[in-house]
Amino acid sequence: MRAVDIIRKKRDSEALNPAEIEAFVAGARSKSWPDYQVSALLMSIVLRGMTAEETAWLTGAMVRSGVRLDLSDIPGAKVDKHSTGGVGDKTSLVLAPLAAACGIIVPMMSGRGLGHTGGTLDKLEAIPGFRVNLTLDEFRAALRKVGCALIGQTAEIAPADKVLYALRDVTATVESIALISASIMSKKIAEGIEALVMDVKCGRGAFMKSRADAQRLAESLVAIGQANGVRTQALLTAMDVPLGRAVGNSLEVIECLETLKGRGPADLESLAVALAGRMLRLGGGADNDQEAERKIRAALGSGHGLEKFRDIIAQQGGDARIVDDYTRLPSTPARTTFTASRSGYVSRLDAELLGRATMVLGAGRDRVEDVIDPGVGAKMIARTGDPVRAGDAVVELHYRDSSRLGTAMELLGKACQIADEPPVPQELILQTIG
């Protein structure tokens, strides 16, 4: 069947059948569909949507484009966590070692940055020598030895998704419940897990801006997981302001290490503990939420989580000395501060605009082929609700190319608002689904 006929059908708001979806996925994988036709159908899906049946068929086709792993020979419950993406969203680097320290096997396949959000793989690759492109044999070996592996998609896992994932980033086709659901769940189903915890972000710094859209996405993800035998639960979490204080790959690695040492921002620690606790519950490692939190906090307080992260870094070829010596991580030669325009309270730090500011400096991608600078980024000196005086530092920028600084500072000027009264505090975890 012709690609143009399938594109036209979806453009005209008609539902695609399984054969047409299989043809699309096969064409993307084999490159028999050129990028412009794949992109045209992606845009049609974003604009016209997909039914639940179409989304399920798309997920299945993407799983079948590669292999579905069987990890039953590795003892222990296999549980993963995935976030839909946000600014400063670095919880994977904290919760994965904490869950593994509590006996959960964590086979985590992650992605790279999409748009203004940072990707887990980009953060991990800020660690000198860290290999995210493990073979499946190396992946299994890491799970057996340290109980956790943090990797990118292998060539065997949902290869069609790898093509679609890269194109969506640069064709403004990220924000689609159907595409996000199929992309996430095809990888998760294929990686051989028994349970999955989803962190579905909503707010200004998330792809899902409204809580209603985020809830629909969470329900879609949970339904696809349950239908495929994967115990799935989703937390809806707020992403109007960056998570933690650091945005940018190397800076976020440092903040994760500080959190594992018990010195991290309260919001990052609390969310990582909550998500890791859910992993423990779904994996049968705790009978209730209170027991799960107690075990995760014990791993945090004892330093077992930190040592597990050190083991993960060493197992995947990284320089584990960064755990104790942050100077071994990439950094930038120049820093500057964005200051408060007047006295009052920080009423807004728009996560999307802050993410775009760091992207301008080189922390993210405009195009698939762009190379990320792991050292650049931003640190929030003041948080939403903090009192400031005129001239006080609000954000510290770490940059390398001064020609990009003006645009970044302009974006920060739009992102930061000062008011006479502090804003009403917002809950971080909004809802549980599944």
Side-chain angles (χ1 to χ4, degrees), residues 1-68 82 84-85 111 114-115 153 155-190 198 200 206-210 212-228 230 232 234 367-368:
M1 56 188 70
R2 297 194 313 162
V4 66
D5 295 328
I6 299 173
I7 295 166
R8 182 183 295 111
K9 187 175 181 181
K10 178 51 66 179
R11 182 202 69 186
D12 294 342
S13 301
E14 296 181 47
L16 303 180
N17 62 45
E20 289 163 336
I21 290 173
E22 288 281 356
F24 164 56
V25 171
R29 180 192 176 191
S30 67
K31 298 290 188 179
S32 61
W33 281 37
D35 285 352
Y36 57 82
Q37 287 188 314
V38 175
S39 299
L41 185 52
L42 289 172
M43 184 60 77
S44 296
I45 291 169
V46 170
L47 296 177
R48 303 306 185 192
M50 275 187 148
T51 65
E53 290 78 11
E54 285 179 288
T55 304
W57 294 332
L58 178 59
T59 304
M62 288 163 67
V63 172
R64 290 188 295 276
S65 73
V67 301
R68 184 170 181 174
H82 187 86
T84 55
L114 276 176
Q153 279 178 262
E156 301 93 336
I157 297 294
D161 175 66
K162 201 165 188 176
V163 176
L164 300 180
Y165 193 87
L167 284 173
R168 285 168 55 215
D169 190 21
V170 294
T171 57
T173 53
V174 171
E175 298 91 339
S176 160
I177 288 175
L179 294 176
I180 293 171
S181 297
S183 175
I184 292 169
M185 297 309 296
S186 62
K187 294 191 289 284
K188 297 309 170 186
I189 292 165
M198 286 298 312
V200 179
F207 295 122
M208 297 293 113
K209 304 300 183 187
S210 74
D213 284 344
Q215 182 172 337
R216 282 194 290 271
L217 174 59
E219 290 169 349
S220 173
L221 295 166
V222 169
I224 292 171
Q226 304 287 24
N228 285 273
V230 177
T232 307
R367 299 179 301 273
V368 175

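Quick caveat, the model's predicted, so the values are computed rather than measured.
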Determine, stepwise, if the pair I224 / I184 fulfils side-chain contact (heavy atoms from CB on, under 4.5 Å). CA-CA 10 Å; I224 292 171; I184 292 169; over 6 Å; no
Can you tell me if S220 uses its side chain to pair, donor with acceptor, with the backbone of R216 under 3.5 Å? no
Which heavy atom in E20 sits nearest to a heavy atom in A15, and how many Å separate them? OE1-O, 4.4 Å
Taking every heavy atom of K187 against every heavy atom of A158, the minimum-distance pair comes out as CG-CB, 4.4 Å
With rounding to the nearest 0.5 angstrom, report the CZ to CG distance, R11 to D5. 10.5 Å
Begin with the C-alpha distance, continue with both residues' side-chain angles, and end with the deciding distance and a verdict on side-chain contact (heavy atoms from CB on, under 4.5 Å) for M208 and I180. CA-CA 10 Å; M208 297 293 113; I180 293 171; 3.7 Å; yes
Sub-3.5 Å donor-acceptor pair from the side chain of K31 to the main-chain atoms of A28, do we have one? no
One should read off an interatomic distance between S186 OG and D161 CG, to the nearest 0.5 angstrom, of 4.5 Å
Give the minimum heavy-atom separation between A190 and I157, together with the two atoms involved. O-CD1, 3.7 Å
Does V163 form a side-chain contact (heavy atoms from CB on, under 4.5 Å) with R29? I'd like the steps, not just the answer. CA-CA 7 Å; V163 176; R29 180 192 176 191; 5.7 Å; no
CE of M1 to CG of N17, rounded to nearest 0.5 Å, is 6.0 Å
Is it true that E54 and K10 have a side-chain N and a carboxylate O under 4.0 angstrom from each other? yes
Measure the spacing between CG of L47 and CG of L42 and express it to the nearest 0.5 Å. 11.0 Å
Do W33 and I6 come within less than 4.5 Å of each other through their side chains, counting heavy atoms only? yes
Locate the shortest heavy-atom distance separating I45 from A178; write the atom from each residue and the value. CG2-CB, 4.5 Å
Do the side chain of T171 and the main chain of S39 share a donor and acceptor less than 3.5 angstrom apart? no
From R168 CZ over to S183 OG, what is the distance, rounded to the nearest 0.5 angstrom? 5.0 Å
Start with the C-alpha gap between L217 and F207, add the side-chain angles, then the distance that decides, and say whether side-chain contact (heavy atoms from CB on, under 4.5 Å) holds. CA-CA 11 Å; L217 174 59; F207 295 122; over 6 Å; no
Nearest heavy atoms of V38 and F24, plus distance in Å: CG1-CE1, 3.9 Å
Could you tell me whether the side chain of L179 reaches within less than 4.5 Å of the side chain of L58, counting heavy atoms only? yes
Would you check if M198 and T84 make a side-chain contact, meaning some heavy-atom pair closer than 4.5 Å? yes
So, applying side-chain contact (heavy atoms from CB on, under 4.5 Å) with E14, which one of K9, R48, R8 is it? K9
Quick check: closest heavy atoms across A3 and Q37, and the distance to 0.1 Å? CB-OE1, 3.6 Å
As a quick check of understanding, evaluate salt bridge (Lys or Arg N to Asp or Glu O under 4.0 Å) for E22 and R64, giving each step before the final call. CA-CA 9 Å; E22 288 281 356; R64 290 188 295 276; 2.4 Å; yes
Looking at I189, V25, I21, which hits side-chain contact (heavy atoms from CB on, under 4.5 Å) with M62? V25
Out of curiosity, L221 CG to I177 CD1, how far, rounded to the nearest 0.5 Å? 9.0 Å
